[in-house]
Structure formats: structure tokens, C-alpha cells
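For reference, the structure is listed below as C-alpha cells.
All of these numbers come straight from a predicted model, not from anything done at the bench.
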Amino acid sequence: MSAPSDVGAVEALGRDLSRLLGDGALPPEAEEALRSLLTLSRRLASDNADMAATIAA
């Protein structure tokens, strides 16, 4: 996967999971862990895209 599509994939996953989070299906600790993982995934995908752009330049 290229860096820009990684960012898009993480954002799509975040939107899908946001619909599931907060509905009481998961314990609060599990929801918080998923939210933290999504935040980290977004940051890593963004950093990866930035590095790919730097390398390409």
C-alpha cells in the first residue's frame, strides 16, 4: 500500500469503528483502547505519508 492510501484506509476504519463505539457493545476499557489505537494509527499513517513525500522530493 502506498502512503496516501494508508491514510485513507485508516480514516475509513476510524469512521467504521466510530459507528460501533459508544453503543455499549464493548466495555469502556475496550472502547478506550480502540480509540487510542485509532489515534496512533492515524498518526503513523500521516507520518508515513510525510516521509514518503520527503523521499519522493
Side-chain angles (χ1 to χ4, degrees):
M1 234 183 216
S2 67
S5 61
D6 288 347
V7 173
V10 170
E11 289 304 318
L13 178 62
R15 284 190 300 275
D16 291 343
L17 285 176
S18 291
R19 282 180 252 156
L20 300 173
L21 295 173
D23 68 359
L26 295 172
E29 298 83 11
E31 285 193 14
E32 182 59 33
L34 281 174
R35 289 181 201 282
S36 294
L37 286 172
L38 279 171
T39 299
L40 179 58
S41 294
R42 285 183 182 113
R43 187 175 308 137
L44 290 172
S46 176
D47 288 351
N48 188 34
D50 291 346
M51 286 186 281
T54 300
I55 290 168

Checklist entry - What's the shortest heavy-atom distance between A30 and L26, and which atoms? => result CB-CB, 4.2 Å
Checklist entry - Quick one: CD1 on I55 to CG on D50, what's the gap to the nearest 0.5 Å? => result 11.0 Å
Item to check | Any residue meeting side chain to side chain contact (heavy atoms under 4.5 Å, CB included) with L37, in chain and number order, not counting sequence neighbours | outcome: none
Checklist outcome for this item: Across all chains, not counting sequence neighbours, the salt bridge (Lys or Arg N to Asp or Glu O under 4.0 Å) partners of E11 are R42
Checklist entry - Residues sharing L40's hydrophobic cluster, by side-chain heavy-atom contacts under 4.5 Å among ILVMFWY, directly or via others? => result L44
